[in-house]
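Counting from 1, the numbers follow the sequence of the chain as shown. Predicted model only: the values in this text are computed from it and were never measured.
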Amino acid sequence: MNGQPHEVSARTLRDLLSDMEYEDLPVATAHNHDFVRAQDRDKIVLKEGDEVEILTPRQGG
């Protein structure tokens, strides 16, 4: 996740966000380099070796 290996028990991308306490935050997600719409996170079943990116919005200049 985010370029670092993690062992997770989450079955889906949505479960992973919940486990990582991102569930209620405005984040963008990518699975194996493809962006995943928020409404599709339940459809992404995670497998060993998958790459997940969780992107949080930042402000500043």
Side-chain angles (χ1 to χ4, degrees):
M1 184 173 61
N2 292 351
Q4 299 296 319
H6 288 271
E7 282 195 36
V8 299
S9 61
R11 191 179 74 81
T12 67
L13 182 54
R14 182 169 309 283
D15 293 340
L16 178 63
L17 290 175
S18 177
D19 289 354
M20 301 301 292
E21 300 183 1
Y22 285 108
E23 187 174 13
D24 296 324
L25 299 176
V27 297
T29 55
H31 174 252
N32 293 334
H33 308 284
D34 292 323
F35 279 100
V36 178
R37 299 181 310 170
Q39 63 265 35
D40 293 337
R41 291 174 181 160
D42 285 329
K43 299 175 185 173
I44 303 298
V45 177
L46 300 174
K47 298 180 294 288
E48 186 172 341
D50 281 356
E51 294 184 29
V52 173
E53 296 288 332
I54 300 172
L55 308 166
T56 58
R58 305 265 178 179
Q59 290 184 335

For this session: Find out whether Val8 and Asp19 are in side-chain contact, i.e. whether some heavy atom of one side chain is under 4.5 Å from a heavy atom of the other.
Result: no

Exercise. Shared ILVMFWY cluster between Leu25 and Leu17, side chains joined below 4.5 angstrom?
Worked result: yes

For this session: Quick one: pull up CD in Glu51 and CE in Met1 and give me the separation to the nearest 0.5 Å.
Result: 13.0 Å

For this session: Report yes if the side chains of Leu16 and Arg41 come closer than 4.5 Å at any heavy-atom pair, otherwise no.
Result: no

Problem set entry | Arg14 side chain to Ala38 backbone, donor-acceptor under 3.5 Å | yes

Problem set entry | Enclosure of Glu21 CD (heavy-atom neighbours >12, cutoff 6.0 Å) | no

Problem set entry | Closest non-hydrogen atom pair between Pro26 and Pro57, with its separation | O-CD, 2.9 Å

For this session: Only counting residues at least two apart or in another chain, list the ones meeting side-chain hydrogen bond (donor to acceptor under 3.5 Å, both in side chains) with Asn32.
Result: Asp50

Exercise. If you measure only the distance, is there a donor-acceptor pair under 3.5 Å linking the side chains of Asp15 and Ser18?
Worked result: no

Exercise. Do Leu55 and Leu13 belong together in a cluster built from hydrophobic side chains that touch within less than 4.5 Å?
Worked result: no

Exercise. Does Asp42 use its side chain to pair, donor to acceptor, with the backbone of Thr12 at less than 3.5 Å?
Worked result: no

For this session: Could you check if a side-chain atom of Val52 sits within less than 4.5 angstrom of a side-chain atom of Thr29, using non-hydrogen atoms only?
Result: no

